[in-house]
**Q** 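Provided herewith is a single structure, encoded as structure tokens, for subsequent inquiry.
Here is how names work: the chains are called A, B, and so on, in the same order as the sequence lines, proteins then strands, and each is numbered from 1. Computed from a prediction, not measured in an experiment: that's the story for all the values here.
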Amino acid sequence: MPDTPTVLRSFRDRKLVASLSDLIRRTSKREIRIMEICGGHTHAIHRFGLPDLLPPTIKLISGPGCPVCVTPASYIDGIIAACVEGGATIVTFGDLIRVPGSELSLESARARGGNIRIIYSPLDAVEIASKTDKETILLALGFETTAPAIAVAVKEAAQKGLDNFHIASALKLMPPAMTALAEMEDCRIDGFICPGHVSAIIGWEPYQPLVDRFGLACAVSGFEPLDIMESILGIVRQVEERKPCVFNQYDRVVTGRGNERALDTIHEVFSIGPGHWRGLGDIGESGLYLKERYSEFDASSVIPVRAGRPRQDISGCICPEILTGKADPSQCVLFSHKCRPDNPVGACMVSREGTCYIWHKYNIV
Amino acid sequence: MCLAIPGKILEIEQPYATVDIDGVKRRVHVGVIEEACVGEYVLVHAGFAISRINREEAELTIAEIEKIREVLRA
């Protein structure tokens, strides 16, 4: 019996990928637009060269599934103020450090003396805070995948009785954003490749309303080439046979109701409220906020993170349209010229899961 | 967005486990998944195990696609 790594490696079997490519070509007749929500899928699609294995009838569009890209400039501005003026230690996952606020990024704030630490796990932030009396702010960015880890960190800080640890929550929920996209007239989508690791937490059942209300084809996908090709085949079949459903392709990880222990942890610490999305605007019930019981750890009590309306995004940048699949990077005048990975103008060029970063890296234009 | 990598559980001391990720041993929090056992594979994201990996389901998926291949070659 093969061991797990051997089984997992077969999800990159070229012959099997070629067979799925062949079957997709035979099956796909109508022109369809499929949005892969997750930046991780966008990355895998182009890394494994999957567009070249698909017929011209299928157009893949990237969605708003990069937590860094959907974070408004005003969030960054508030954090930088807390860091440079307030002297707080900012603790963050690596990707966020280069996101441009209205004037500075965290990286340039660090160059001006701001104390910014990059971490792997939110528990590292609690560790840092417990060894100093300096104000320590964890930038809590991410979707349902990351939320349980942030929740555990808050509970640990409470257990340790830390009063110098706060989180600036910009945690977001994916299904409400997908519904907002489905409701947009000018954002014509025929199907979603649903985010695999968000679904490891929430399960595949939360996508059913997208099928029932909008008739959208859905496939919850893993991140290997075979996963993505099988998911695309599933969506093509649903569209051709006019039988939309939620196809759980990633069933080695995803179940119907998801990881209930992780969901309980999230709902113990956070309540749900409006979410502020760059490119999508405000979406009701799509943000996570600390509950009253843990409100002492809310950074907005320490810094005005959400002060005022979000500042206008950087002029010429069409990240908002790219995030909603209405445009692609080739339509942006800044792309690969003024806006490059070494000098990102828009957020989609900063994160490794940003559409523009991926298009630039894999030279897609 | 939510990069998560498979790793094998070597040792468990709740709520943590030692997990082998591509040859690197990491201390991973396993408190937000159902009881996992030594030798099992889990998905690790930001230092946390977010899910167990079901090997039987993985094998079934591969077997289904192999059937597709055989039908296409017939």
**Q** Name the region of A:Asn259, side chain, backbone, both or neither, that has any atom closer than 4.5 Å to a heavy atom of chain B.
**A**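 Side chain only.
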
**Q** Under a 4.5 Å cut-off applied to non-hydrogen side-chain atoms, are A:Ile201 and B:Val32 in contact?
**A**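 Result no, sub-4.5 Å side-chain heavy-atom pair not found.
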
**Q** Which atoms of A:Leu141 come close to chain B, meaning under 4.5 Å heavy atom to heavy atom: side chain ones, backbone ones, both, or neither?
**A**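 Contact with chain B: none, neither part.
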
**Q** Is there side-chain contact between B:His29 and A:Val152, with heavy atoms separated by less than 4.5 Å?
**A**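 Heavy-atom side-chain distance check passes, below 4.5 Å.
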
**Q** Where on A:Asp264 is there a heavy atom nearer than 4.5 Å to chain B: the side chain, the backbone, both, or neither?
**A**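 Nothing of A:Asp264, per the 4.5 Å heavy-atom cut-off to chain B.
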
**Q** Apply side-chain contact (heavy atoms from CB on, under 4.5 Å) to residues A:Val253 and B:Ser51 and explain how you reach the verdict.
**A** CA-CA 6 Å; A:Val253 165; B:Ser51 175; 3.4 Å; yes

**Q** Please check: side-chain N/O of A:Arg261 versus main-chain N/O of B:Ile33, any donor-acceptor pairing under 3.5 Å?
**A**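 At least one qualifying donor-acceptor pair exists.
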
**Q** For atom CD of B:Gln14, decide whether the heavy atoms of other residues, nucleotides or ligands shown that lie under 6.0 angstrom number more than 12.
**A**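 It does: B:Gln14 CD has more than 12 such atoms within range.
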
**Q** To the nearest 0.5 Å, how far apart are CZ in B:Arg55 and OG1 in A:Thr6?
**A**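 That separation rounds to 9.5 Å.
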
**Q** Is B:Glu64 close to chain A through its backbone or its side chain, or both, or neither, when contacts mean heavy atoms under 4.5 Å?
**A**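 For B:Glu64, side-chain heavy atoms alone lie under 4.5 Å from chain A.
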
**Q** Atom CZ of B:Phe48 and atom OG1 of A:Thr145: how far apart are they, to the nearest 0.5 Å?
**A**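 Rounded to the nearest 0.5 Å, the CZ-OG1 separation comes out at 13.5 Å.
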
**Q** With a 4.5 angstrom heavy-atom cut-off, could you sort out which part of B:Ile53 is near chain A: side chain, backbone, both or neither?
**A**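 Both backbone and side chain of B:Ile53 come within 4.5 Å of chain A.
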
**Q** Can you confirm whether B:Glu59 sits close enough to A:Pro2 that some side-chain heavy atom of one is under 4.5 Å from a side-chain heavy atom of the other?
**A**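 Contact flag for B:Glu59/A:Pro2 side chains = yes.
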
**Q** Give, as side chain, backbone, both or neither, the part of B:Arg69 having an atom under 4.5 angstrom from any heavy atom of chain A.
**A**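 For B:Arg69, backbone and side chain are both near chain A.
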
**Q** Which one of A:Leu226, A:Leu123, A:Asp95 has the most heavy-atom pairs closer than 4.5 Å to chain B?
**A**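 Most pairs with chain B among the choices: A:Leu123.
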
**Q** Are any of the side-chain heavy atoms of B:Thr61 and A:Phe11 separated by less than 4.5 Å?
**A**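 Yes. Closest side-chain heavy atoms under 4.5 Å.
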
**Q** Under 4.5 Å from any heavy atom of chain B, what part of A:Ile119 do you find: side chain, backbone, both or neither?
**A**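 Looking at A:Ile119, nothing touches chain B.
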
**Q** If you count heavy-atom pairs under 4.5 Å with chain B, which of A:Arg26, A:Met229, A:Glu144 comes out on top?
**A**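 Top option by heavy-atom pairs under 4.5 Å: A:Arg26.
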
**Q** Between B:Ile68, B:Leu43, B:Leu60, which shows the greatest number of heavy-atom pairs under 4.5 Å with chain A?
**A**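 Most pairs with chain A among the choices: B:Leu43.
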
**Q** Given a strict heavy-atom distance threshold of 4.5 Å, which part of B:Ile50 is in contact with chain A: side chain, backbone, both, or neither?
**A**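 It is both, since atoms from each part get that close.
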
**Q** Quick one: does A:Val7's side chain get under 4.5 Å of B:Tyr41's, heavy atoms only?
**A**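 Sidechains of B:Tyr41 and A:Val7: no contact.
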
**Q** With rounding to the nearest 0.5 angstrom, report the CD1 to CD distance, B:Ile62 to A:Glu230.
**A**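 Those atoms lie 8.5 Å apart.
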
**Q** Do A:Asp13 and B:Ile65 have side chains that get closer than 4.5 Å, going by heavy atoms?
**A**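 Side-chain contact under 4.5 Å: no.
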
**Q** Starting from the C-alpha separation in whole Å, work towards a yes-or-no answer on side-chain contact (heavy atoms from CB on, under 4.5 Å) for B:Glu66 and A:Leu16.
**A** CA-CA 7 Å; B:Glu66 274 166 349; A:Leu16 294 181; 3.6 Å; yes

**Q** Which bit of A:Ser10 comes within less than 4.5 Å of chain B, counting heavy atoms only: side chain, backbone, both or neither?
**A**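 Contact with chain B involves both backbone and side-chain atoms of A:Ser10.
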
**Q** So which of A:Thr4, A:Asp3, A:Asp227 has the biggest tally of heavy-atom pairs under 4.5 Å with chain B?
**A**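 So the answer, after comparing A:Thr4, A:Asp3, A:Asp227, is A:Thr4.
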
**Q** Step through the shown structure and confirm whether more than 12 heavy atoms of other residues, nucleotides or ligands are within 6.0 Å of NZ on A:Lys160.
**A**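 Enclosed.
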
**Q** State whether the number of non-hydrogen atoms from other residues, nucleotides or ligands found under 6.0 Å of B:Glu56 atom CD is greater than 12.
**A**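 Count over threshold, so yes.
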
**Q** Check the pair B:Cys2 / A:Val198 against side-chain contact (heavy atoms from CB on, under 4.5 Å), numbers first and verdict last.
**A** CA-CA 7 Å; B:Cys2 314; A:Val198 161; 4.1 Å; yes

**Q** With B:Arg26 as the cation and A:Tyr120 as the aromatic partner, state whether NZ or CZ is under 6.0 Å from the six-membered ring centre and within 45° of the axis.
**A**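 Yes - B:Arg26 lies over the ring of A:Tyr120, closer than 6.0 Å to its centre and within 45° of its axis.
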
**Q** Under the side-chain contact (heavy atoms from CB on, under 4.5 Å) rule, what do B:Leu3 and A:His43 come out as? Steps first, then yes or no, please.
**A** CA-CA 11 Å; B:Leu3 191 64; A:His43 203 274; over 6 Å; no

